[in-house]
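In each ligand, atom 1 is the first atom listed, and ligand 1 is the first ligand listed. Numbers for residues simply follow the sequence, beginning at 1.
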Amino acid sequence: MKYKVLMVCLGNICRSPLAAGLLNFAAEAKDLAEHLEIDSAGTSSNHVGEKPDPRSLQTAINHGFQLTHEGRQIDLDDLDYFDEILVMDEDNLRDVLKIAKTPDQKAKVRLISEYDPRKEKPVNVPDPYYGDLEQFEEVYEQLWYCCMGFLKNAS
Ligand code: 4NP
């Protein structure tokens, strides 16, 4: 059975699709992809049906992979279906915990930076929407450490 991971941000067009694409790409490189099911969603409905932001698409291409996601909003079913919900920042954490009803659902939700081996305590992956490509690169780098930490933990 696959271990199911949902990446969550606000709009589901910048950080979480990049995080999901990166985790899948890194898992493929480590021969772990077949054990994982990876998706992403947003806490808001503002970008449902949209492709990822062009800057996330470009950042992925710069690092050797492509994003094919279509924006969607997280719902209560996701909190049952997925084994782990990795959110980008504390606003996402609060918003997802608001949807969660049971202790089991709440226990699945955590900041993705809990897996960053460089950090003693979790930090936000900052929203790059109003930034430029450089901010997206910084998000990528932070997510790379988080994904490496996640996969090390998983293997
Ligand atoms: P994301 O970035 O949460 O990483 O997808 C954002 C995308 C859109 C908006 C904010 C953040 N927005 O305000 O539309």
What atoms of ligand 1 come closer than 4.0 angstrom to any heavy atom of [X]?
| X | value |
| --- | --- |
| G11 | 1 (P), 3 (O), 5 (O) |
| C9 | 1 (P), 3 (O), 4 (O), 5 (O) |
| I13 | 5 (O), 7 (C), 8 (C) |

Pair K4 + E84: basic N to acidic O under 4.0 Å: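 Judged by the 4.0 Å cut-off on N to carboxylate O distance, K4 and E84 do not form a salt bridge.
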Charged N-O contact under 4.0 Å between R72 and D39: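 Yes.
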Side-chain donor-acceptor contact under 3.5 Å, H47 with D53: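 Judged by distance alone, the side chains do not pair up.
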H63 versus E137, side-chain donor and acceptor atoms under 3.5 Å: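 E137 vs H63: donor-acceptor pair found between side chains.
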Side-chain donor/acceptor of N92 to backbone N/O of M88, under 3.5 Å: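 The answer is yes, because a donor-acceptor pair under 3.5 Å joins these two groups.
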Side-chain donor or acceptor of Q105 paired with backbone N/O of D78 under 3.5 Å: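 No; judged by distance alone, with no hydrogens or angles, the pair does not exist.
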Any M88 heavy atom less than 4.0 Å from ligand 1: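 So M88 does not count as touching ligand 1.
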Non-hydrogen atom of N46 closer than 4.0 Å to ligand 1: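 For ligand 1, residue contact (heavy atoms, under 4.0 Å) with N46 is absent.
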Ligand 1 to S16 polar contact by distance, N or O atoms, under 3.5 Å: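 No, since none of the N or O atoms of S16 sits under 3.5 Å from an N or O of ligand 1.
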D116/K121 under salt bridge (charged side-chain N to carboxylate O under 4.0 Å, His left out): CA gap, chis, key distance, verdict: CA-CA 9 Å; D116 189 334; K121 10 177 243 207; over 6 Å; no
Part of L10 with heavy atoms under 4.0 Å of ligand 1, whether side chain, backbone, both or neither: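 It is both backbone and side chain that touch ligand 1.
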Per-residue contact class, N12 against ligand 1 - non-hydrogen pairs under 4.0 Å: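 Just the backbone.
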Protein heavy-atom partner closest to [atom] - residue, atom, separation in Å:
| atom | answer |
| --- | --- |
| atom 11 (C) of ligand 1 | D127 OD2, 3.1 Å |
| atom 5 (O) of ligand 1 | C14 N, 2.9 Å |
| atom 9 (C) of ligand 1 | Y129 CD2, 3.6 Å |
| atom 14 (O) of ligand 1 | H47 NE2, 2.8 Å |

pair K2-L36: side-chain heavy atoms closer than 4.5 Å: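 Answer no - side chains too far apart.
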